[in-house]
Amino acid sequence: METNQNGNNTEADATPDGVRQGYRPYDTAEHLMKTWVETERQMWKNWIGMMRGVSISEAQGESRGNAIPGFQDWTQRMVESRELMGRFFALSMQAWKDLSPKGESSGDTGANHQEGSASPEDVRSHWDSEWQSLLNKYAQLGRSLYQQFPWSKAMPEDSGQLWQLYLQEVQKWIPIWTEPMLGALAPMSRAATGDRAALFELSNIYWEIYEKTIGNFVMSPTLGYAREYNKKLLKGFDAWVDLYKVTFDYQVVLADIWVKAFEELMQELASSEQKGKKIQSWQQLVSTWSNIADRVFAEAFRSDEALRIQGKFLNSLMAYKIHQRELMEILLKMNDVPIRSEVDEVHQSIYELRKEVKALKKSLAASQAEIERLKAAAIS
Amino acid sequence: MVPLSMQMFPEDTNRNLADLAEKAFKSAEILSRLREEDLEIGVTPKEEIYREDKVVLYRFLSDKAPTGERIPVLIVYALVNRPYIVDLQEGRSFVANLLKLGLDVYVIDWGYPSRADRWLTLDDYINGYINNCVDAVSDRYGGQPINILGICQGGTFSLCYTSLYPQKVKNLISMVTPVDFHVPEGLLNVWGGCTRGAQALDVDLMVKALGNIPGDLMNLEFLMLKPFQLGIQKYIDFAEIADNEDKMLNFLRMEKWIFDSPDQAGDTYRQFMKDFYQGNKLILGQVEIAGKGVSLRNIRIPVLNIYAEQDHLVPPASSLALGKYIGTKDYTVRSFPVGHVGMYVSSRVQRDLPPTIGDWLKARNGQTNPEPATLPTS
């Protein structure tokens, strides 16, 4: 009989179709993470060992294998740093485990720490202190690592202040991630029950994180020689992100239409059956399906919400196209190729001139007709 | 539950598939013989009588009475799709049927606007092209006012034109013409922003991004109004007739017409969408073209309003609104139990519509129209 890493009976857990009871995706993820951390740790050890052998022999002209003073310790610290990084990931995983029971409809939590269903505030408090402790240790180790590095001897001793600043900044970022994660619990559980609005909420939470982090950075003024180009590039990226975001919302609306249309088709078939009417060919089935699907589609896209999403989708697509063209025009200009905006400008001038000529011709014709009329009147 | 409500037993399904396969092979054989040139469209002979930029005014030729004794009708078609739908093929030509009734038929072909035309406005179309075409036809009739038959968007343009130049139009026929753009049954109205304005469609942004609005994009929008019926069902139905060459040719001609969509001049599209679809300014009397106000009350000539009862593009209520806002006392409404496209190709409409128009025009041919009201100015 097989057992898994936790000593659980895998055969007993497995359903007849091979799906394990109580299986959670993060179990696999955690396993992968551990493997990755261990691999990385070994890689660092090997790499530093190799580097030590090469660099020192080249730097000091000595035989391979003689380390410079302190390098051994530094290597050890780097390995410890990797292990701390491993803990960082493990803690992240743990946090998700803490959160996940809230977001799942089944009561099977699987692990001891998930039992009792602590309140979100408790989870957050516990989580914050864990983070704090880990960060402090990480900072301490980082400091000692920095101070023990052979080339850092000449650097100022007050680098601790730098670490404090670094830590303060890192701590500012934590709530940006933790708050939305906690806020995602409720919509996550509703999404699991097929609530479409919850998917939008989750999507918004995800994009709020983006807005507060990368999005915020992207919209800030840039510096230097390439600032104008960078600005266009970043705005283009931001437009792409907007489009990407609303494409998801649009896809949710479409998916919902498919589900509703299918439900209605089933109801229609059942109702027809009760009336003694039956579908007798696949063409008839497709026809019934098309009529229902189009009706559901039209009803959905009359709703305010779907209309808003479709509008955002179209408008984001257009905004993205404008940014895309601006970037393309930079490249074309650099290569002496006439650009769309220039050609549009020329066309506009031609259009205005053409219109002016038409008006003048009309005015001239009217004047000539009037002259002819006056001449004829004078003769008569 | 599904199997219970279906009687598609394996033998039926197999028979179905066998039928389909037989038709598919036959249709493949027919298609392999056909060429694009076989889809002849616009069968009635015609002559060009006026040209301006990409716009051409055609007169359809007939062996009936000479011009002077006939009733002139100028067809103003929409900018969307090509006007040859009115002369699609032998036996399904609206124009040919009008000619048989003794009408002298003209049509404006808007051409295919290119990017150079993106700055064209409603002023250019209405005060420019339509007015010049009307003058060209009128000149052939000694400067007399002529009859206008406006179709779909062309009908809306014709209403604007008649309001601005009432002295140049003798009778007006509006066919499947949108008038009230805020009728909620029309999904096209809703998508165009009749309820949410720029939130549903930011027209300025679209024109800035695309310049001209691609015909393919317009087509996609029309298809999305009934995506399953127009994208799937139609071709399933096609399989049923694909073993008949004549029916297949009819189908292919319609396909050609549907997907042969000119781009929309950017600034015209902008003004039309914002003023008509989003602002619904036509019925509010707030449309301005080159500084001149358009008022439906100013239309005092006889008007025949024809609509399609199952029109999903222009809901009947949108067309029927004309009766509430128009200034004429001679107002007639006719309808046909078909959809928007059915108005051009349905055999029943082909049989009944031309006489409806012909009789209505003939009854008013000798009449003198009331004096036009003073033009509103802005």
Side-chain angles (χ1 to χ4, degrees), chain A residues 257 261 265-274 277-287 289-299 301-304 307-308 310-312 314-325 340 343-344 346-352 354-355 358-359 362, chain B residues 1-9 12-13 15-17 19-20 52-53 114-121 123-124 128 132 184-185 187 190-191 193 195-202 204-211 224-234 236-237 239-240 266-267 312:
Chain A
I257 288 170
L265 176 69
M266 292 296 105
Q267 285 167 7
E268 173 69 23
L269 292 177
S271 148
S272 297
E273 187 190 352
Q274 282 170 357
K277 295 178 190 170
K278 301 205 174 187
I279 300 286
Q280 293 177 331
S281 68
W282 61 271
Q283 290 98 327
Q284 203 184 341
L285 182 66
V286 173
S287 173
W289 160 253
S290 294
N291 286 326
I292 289 173
D294 277 347
R295 183 168 43 74
V296 172
F297 186 88
E299 279 168 10
F301 274 103
R302 271 206 182 85
S303 75
D304 214 39
L307 205 57
R308 184 182 54 78
Q310 181 176 258
K312 276 180 83 174
L314 274 174
N315 295 341
S316 301
L317 185 64
M318 295 304 134
Y320 173 64
K321 186 163 174 54
I322 290 169
H323 288 295
Q324 193 186 36
R325 187 173 62 212
R340 178 79 274 160
V343 178
D344 274 349
V346 173
H347 281 147
Q348 189 172 14
S349 299
I350 293 171
Y351 159 77
E352 283 162 0
R354 202 169 59 186
K355 197 164 181 170
K358 280 181 187 178
K362 218 165 201 172
Chain B
M1 186 172 290
V2 180
L4 290 175
S5 63
M6 296 168 68
Q7 290 180 336
M8 290 172 63
F9 298 113
D12 296 325
T13 310
R15 195 170 55 242
N16 252 215
L17 288 174
D19 287 349
L20 182 69
E52 181 181 350
D53 303 331
S114 69
R115 186 77 179 211
D117 301 303
R118 75 159 280 190
W119 308 101
L120 289 174
T121 61
D123 171 37
D124 297 300
N132 293 337
E185 293 87 44
L187 198 54
V190 179
W191 286 3
T195 51
R196 295 190 69 94
Q199 279 187 322
L201 181 69
D202 189 336
D204 290 327
L205 192 67
M206 185 176 253
V207 173
K208 188 179 174 190
L210 302 175
M224 289 296 277
L225 294 171
K226 287 186 175 183
F228 296 93
Q229 287 175 59
L230 299 177
I232 299 170
Q233 181 69 46
K234 188 173 87 171
I236 300 281
D237 293 343
E240 290 296 308
D267 272 23
H312 74 289

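First the proteins, then the strands, lettered A, B, ... as listed; each starts at 1.
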Heavy-atom distances under 4.5 Å only: say whether [X] touches chain A with side chain, backbone, both or neither.
X      : value
B:D117 : side chain
B:L187 : both
B:L20  : side chain
B:D267 : neither
B:T121 : both

Rounded at 0.5 Å granularity, tell me how far [atom1] in [X] sits from [atom2] in [Y].
X      : Y      : atom1 : atom2 : value
A:K362 : B:N132 : NZ    : CG    : 4.0 Å
B:W191 : A:L314 : CH2   : CG    : 9.5 Å
B:L201 : A:M318 : CG    : CE    : 8.5 Å

[X] side-chain N/O to [Y] backbone N/O, donor-acceptor pair under 3.5 Å:
X      : Y      : answer
B:R118 : A:Q348 : no
B:D202 : A:N315 : no
B:R115 : A:H347 : no

Specify which of [options] makes the most heavy-atom pairs with chain A at under 4.5 Å.
options                        : result
B:K208, B:Q199, B:M206, B:R196 : B:R196
B:L210, B:T195, B:L230         : B:L210
B:A239, B:A198, B:A200, B:P227 : B:P227

Does a side-chain heavy-atom distance below 4.5 Å link B:Q233 with A:W289? no
Which bit of [X] is near chain B, if near means a heavy-atom gap under 4.5 Å: side chain, backbone, both or neither?
X      : value
A:R340 : side chain
A:Y351 : side chain
A:R325 : side chain
A:I350 : neither

Test side-chain contact (heavy atoms from CB on, under 4.5 Å) on A:I322 and B:L205 and set out the steps. CA-CA 9 Å; A:I322 290 169; B:L205 192 67; 3.7 Å; yes
Among [options], which has the most heavy-atom pairs under 4.5 Å with chain B?
options                : result
A:V286, A:I292, A:D304 : A:D304
A:E352, A:H323, A:K355 : A:K355
A:S290, A:A298, A:G311 : A:S290
A:K312, A:K321, A:K358 : A:K358

My understanding is that only residues two or more places apart in sequence, or in another chain, count here; which of them pass ring-ring contact (aromatic ring centres under 6.0 Å, His included) with B:W119? none
Tell me, please, which residues at least two apart from B:D19 pass side-chain hydrogen bond (donor to acceptor under 3.5 Å, both in side chains). none
Hey, are B:D124 and A:R354 close enough for a salt bridge, meaning a charged N less than 4.0 Å from a carboxylate O? no
Smallest heavy-atom separation, A:F301 atom then B:V190 atom, equals O-CG1, 4.3 Å
